[in-house]
Amino acid sequence: MPVGRVTLADDARLAASGARRLGEALADARAGVAFTGAGISTESGIPDFRSRDGLWSRYRPRDFSFSRYVASPQVRVEAWRRRRELWSRPPRPNPGHLALAGLERAGRLAGVVTQNVDGLHQAAGSRRVVELHGSSRFVMCIGARPRAGTPAGCGFRAGQDWALARHEAGEADPGCPDCGGLVKSTAVSFGQNLFPGVLDEATRLVRSADLVVAVGSTLRVHPAAGLPAAAARAGVPLAIVNDEPTSLDEVADLVVRGRAGRVLSAAAVLALA
Ligand code: APR
């Protein structure tokens with residue numbers, strides 16, 4: 001799939017030509033993999049982390065760590081308050097998510113590897129979604145005093161709505177109904193180990209790809225960012241769609257500087273024409 005060298009699109013016209021070249025690459029793909037980050041969900045109203053007004057410009061990442069969550073009732077209470085606030089108006093998939101789902105249905109993409117926990121790829125219709133950093137759609141018992149970043153719960157697991165309903169009923173820090181342990185979102189926090197098998201599944205998907213399209217990520221957080229990097233080293237064409245430079249621009253075959261929703265929608269129209 002001749003993608004050619006890097007195209008840095010620095011205005012709408014160039015972004016359109018980048019989207020065209022991405023569309024051509026996707027038209028030839030039969031086992032493409034989308035690798036997504038928080039930037040694909042900002043157009044659904046969910047802030048990303050490292051943009052100028054991202055979450056890390058307002059909060060300290062260490063306040064979101066697994067050990068702080070386990071140690072501090074205040075951190076847990078604040079975490080549930082924020083979740084209830086965010087999910088009081090459930091975010092919806094945007095054109096970027098919908099474009100990727102359409103490309104999977106048409107057989108251009110084999111699936112999505114995402115760093116996001118918002119479930120918007122699945123809500124858009126994507127069927128094969130590997131959630132490297134877990135999912136905020138569920139909660140689980142992590143036990144009373146889990147250590148070293150590994151949940152040690154009794155097996156209780158429920159939809160996030162269970163916890164939000166308990167919070168709404170006045171339980172500021174919902175506990176496990178079966179064992180009394182701590183309850184936490186199944187989104188993986190800083191300092192928490194990835195769930196077993198997830199990285200292997202993502203690695204298998206990327207290794208069998210004939211195109212990797214990284215969308216809306218600074219590509220700075222490992223081990224996740226190691227996946228598109230390894231694909232590029234293995235000679236798999238790498239395209240990047242992002243509205244600012246990323247850590248892998250230098251090794252990408254195509255870089256499209258633009259908004260994910262617009263670029264992916266335009267590229268999908270071309271790829272499916
Ligand atoms: N279109 C294109 N790019 C966008 C858009 C958009 N609509 N909105 C934001 N971006 C870009 C930002 O400019 C930024 O470069 O998306 C990128 C998002 O990068 P990060 O905020 O670093 O998010 P991500 O790469 O997903 O972070 C990885 O870090 O904090 C941890 O666990 C967290 O999964 C997350 C991981």
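In listed order, ligands and their atoms are each counted from 1. Every value quoted in this text rests on a predicted model; they were computed, and no experiment measured them.
Close approach to Ser51 involves these atoms of ligand 1, each under 4.0 Å from a residue heavy atom: 12 (C), 13 (O). Within ligand 1, the atoms closer than 4.0 Å to a non-hydrogen atom of Gly37 are 26 (O), numbered from 1 in the order shown. Contact atoms of ligand 1 toward Glu43: 1 (N), 6 (C), 7 (N) (distance under 4.0 Å to a heavy atom of the residue). Listed by number with element, the atoms of ligand 1 under 4.0 angstrom from any heavy atom of Thr42 are 5 (C), 6 (C), 7 (N), 8 (N), 9 (C). Less than 4.0 angstrom separates some heavy atom of Trp56 from each of these atoms of ligand 1: 30 (O). Every atom of ligand 1 with a heavy atom of Gly258 under 4.0 Å away is listed here by number and element: 1 (N), 2 (C).
For atom 36 (C) of ligand 1, the nearest protein heavy atom (residue, atom name, distance) is Val221 CG2, 3.7 Å. Scanning the protein heavy atoms around atom 14 (C) of ligand 1, the nearest turns out to be Glu244 OE2, 3.5 Å. Atom 31 (C) of ligand 1 has Arg50 NH2, 3.6 Å as its closest protein atom, hydrogens excluded (heavy atom only). When only non-hydrogen protein atoms are considered, atom 5 (C) of ligand 1 lies nearest to Gly39 O, 3.2 Å. Considering only non-hydrogen protein atoms, atom 32 (O) of ligand 1 sits nearest to His133 ND1, 3.5 Å. Of the protein's non-hydrogen atoms, Ala260 N, 2.8 Å is the one closest to atom 1 (N) of ligand 1. When only non-hydrogen protein atoms are considered, atom 9 (C) of ligand 1 lies nearest to Asp48 OD2, 3.2 Å. Scanning the protein for heavy atoms near atom 26 (O) of ligand 1, the closest one is Ala38 N, 2.8 Å.
Classification of the Trp56-Phe190 ring pair by plane angle, with boundaries at 30° and 60°, yields tilted.
Paired with Asp173 under the rule salt bridge (charged side-chain N to carboxylate O under 4.0 Å, His left out), one option of Arg76, Arg166, Lys184 passes, and it is Arg76.
Without hydrogens or angle criteria, Ser126 side chain to Val129 main chain gives no donor-acceptor distance under 3.5 Å.
Residue Pro245 has no N or O atom closer than 3.5 Å to an N or O atom of ligand 1.
Across all their heavy atoms, Ala231 and Val206 have their closest contact at CB-CG1, 3.6 Å. When every heavy atom of Glu104 is checked against every heavy atom of Arg128, the shortest pair comes out as OE2-N, 2.9 Å.
Using modelled atom types, one finds no donor on one side chain facing an acceptor on the other under 3.5 Å when comparing Thr42 with Asp48. For Thr36 and Thr114, the side-chain atoms include at least one donor-acceptor pair closer than 3.5 Å.
Scanning Thr246, Asn116, Asn242 for the heavy atom closest to atom 16 (O) of ligand 1 points to Asn242.
By the 6.0 Å contact criterion, CZ on Arg58 is enclosed, its count of non-hydrogen atoms from other residues, nucleotides or ligands being greater than 12.
Contact annotation: the side chain of Arg220 never approaches that of Phe49 to less than 4.5 Å [non-hydrogen atoms, C-beta and beyond].
Annotation: cation-pi pair Arg82/Tyr59 present, NZ/CZ under 6.0 Å from the ring centroid and within 45° of its normal.
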